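Quantities reported herein were computed from a predicted structural model and do not represent experimental measurements.
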Amino acid sequence: MILDTNLLPGWMLIASSAVMIAVLAAALRWAQWNALAAAPGRIHLLSLSILFCLGLWALSVPVGESLRLHLLGMTSVTLLLGWRFAVLCGSLALLILTLLSDAPLGGLPPSWLLTVAVPATVSRLLLRLLPRQQNLFFYTLGGGFIGGMASALCAALLALALLALAGQEALVTRALELWPMLALILFPEGFINGTLVTAGCVFFPQAVKTFDDYFYLAGDEPSSDDE
């Protein structure tokens, strides 16, 4: 979701900027750059993920005059790359989209919270909560389909909370009146992420960082997860 800077007070823009800087610094610091250097082919995955996010977010639908909605796709990116690289790739894609659309850079931090940070974090936390069953269905449906819907729902709820804290009662009321649109967004979000995750697990299991094919497909003991 992309918010207009005029909707939010200055303190909220400053707070979201501080959170964005801290999270990106941590992601840059703790990202496994050595593993990326050892497998240069994954650089192509990073580039494709940035292009995927950029293309998906460019297809936005205006809701009122100051808010635009779009599919997120961060769940599949998070499961493919891991949380740290997903946050970095999503942030770069959002920066490129902001520059291409001539939007003010001041609106980047709150939009980043809704579009990148929250969806990636919710998707990763949900994956940790899933039962470790030796069944591919748990990973693709729970992590991909349900994860996509949960991330979009949490982003929408946070957007409403931010608008309410900013004193935008008219927009909050309007958004609540249009709540059926959220249901129309949740299913496509889940479907796209579920389909991409399933395709990745079936055809390119080694490319999906958070997927343990030895456990889900071969029935062996799960390997340790470094995320």
Side-chain angles (χ1 to χ4, degrees), residues 1-29 31 46-75 77-78 81 83-123 151-179 181-182 184-185 188-189 192:
M1 301 178 188
I2 300 178
L3 292 174
D4 192 333
T5 54
N6 296 325
L7 297 177
L8 305 178
W11 68 266
M12 192 173 292
L13 297 177
I14 294 174
S16 59
S17 299
V19 172
M20 182 180 70
I21 292 173
V23 171
L24 290 181
L28 285 170
R29 171 64 179 83
L46 299 180
S47 302
L48 289 174
S49 298
I50 294 173
L51 292 176
F52 167 70
C53 292
L54 188 59
L56 194 63
W57 298 344
L59 302 175
S60 58
V61 177
V63 179
E65 298 180 355
S66 304
L67 180 64
R68 300 185 69 88
L69 298 179
H70 55 77
L71 296 175
L72 299 172
M74 281 301 297
T75 295
V77 175
T78 302
L81 304 177
W83 182 85
R84 302 179 188 94
F85 280 118
V87 168
L88 294 175
C89 289
S91 301
L92 182 56
L94 185 61
L95 175 60
I96 295 174
L97 180 63
T98 302
L99 294 176
L100 291 178
S101 60
D102 292 329
L105 290 177
L108 182 63
S111 298
W112 173 85
L113 283 175
L114 300 174
T115 306
V116 178
V118 169
T121 303
V122 170
S123 300
S151 63
L153 178 60
C154 290
L157 293 177
L158 177 60
L160 283 177
L162 291 178
L163 291 175
L165 287 175
Q168 301 290 342
E169 291 84 1
L171 278 178
V172 173
T173 302
R174 179 61 175 166
L176 293 176
E177 292 175 350
L178 297 175
W179 69 265
M181 289 187 60
L182 181 60
L184 296 177
I185 292 176
E189 184 72 36
I192 289 177

Pairwise side-chain contact, [X] with [Y], heavy-atom cut-off 4.5 Å (strictly under):
X     : Y      : result
Met20 : Leu113 : no
Leu88 : Leu46  : no
Val87 : Thr78  : no
Leu99 : Leu95  : yes

Query raised in the report: Residues two or more places apart in sequence or in another chain: which of them pass side-chain hydrogen bond (donor to acceptor under 3.5 Å, both in side chains) with Ser16?
Result: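 If we apply the side-chain hydrogen bond (donor to acceptor under 3.5 Å, both in side chains) test to Ser16, skipping adjacent residues, there are no hits.
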
Could you pull out the closest heavy-atom pair between [X] and [Y], with the gap in Å?
X      : Y      : answer
Leu184 : Pro188 : O-CD, 2.7 Å
Glu189 : Met74  : OE2-N, 4.5 Å
Pro109 : Leu13  : CB-O, 4.4 Å
Trp57  : Leu94  : CZ3-N, 3.6 Å
Thr75  : Ser151 : OG1-OG, 3.2 Å
Ala27  : Arg84  : CB-O, 4.0 Å

Inter-residue atom distance [X].[atom1] - [Y].[atom2], 0.5 Å rounding:
X      : Y      : atom1 : atom2 : result
Cys89  : Leu54  : SG    : CG    : 12.0 Å
Leu97  : Leu92  : CG    : CG    : 11.5 Å
Ser111 : Leu105 : OG    : CG    : 11.0 Å
Gln168 : Leu162 : CD    : CG    : 11.0 Å
Leu160 : Leu165 : CG    : CG    : 11.0 Å
Leu72  : Ile185 : CG    : CD1   : 8.5 Å

Query - Short side-chain to backbone donor-acceptor contact, Glu169 and Ala164, under 3.5 Å - result: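 No, because the side chain of Glu169 does not come within donor-acceptor range (under 3.5 Å) of the backbone of Ala164.
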
Report task. Say whether, by atom type as modelled, one donor and one acceptor occur between the side chain of Thr115 and the main chain of Trp112 under 3.5 angstrom. Result ->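 Checked: no pair found.
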
Query raised in the report: Between Val118 and Leu114, is a side-chain contact (heavy atoms from CB on, under 4.5 Å) present by the stated rule, with each step listed?
Result: CA-CA 6 Å; Val118 169; Leu114 300 174; 5.6 Å; no

Report task. For Pro9, enumerate each residue passing the side-chain contact (heavy atoms from CB on, under 4.5 Å) test, keeping only those at least two apart in sequence or located in another chain. Result ->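 Expected list: Trp11, Met12, Ala166.
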
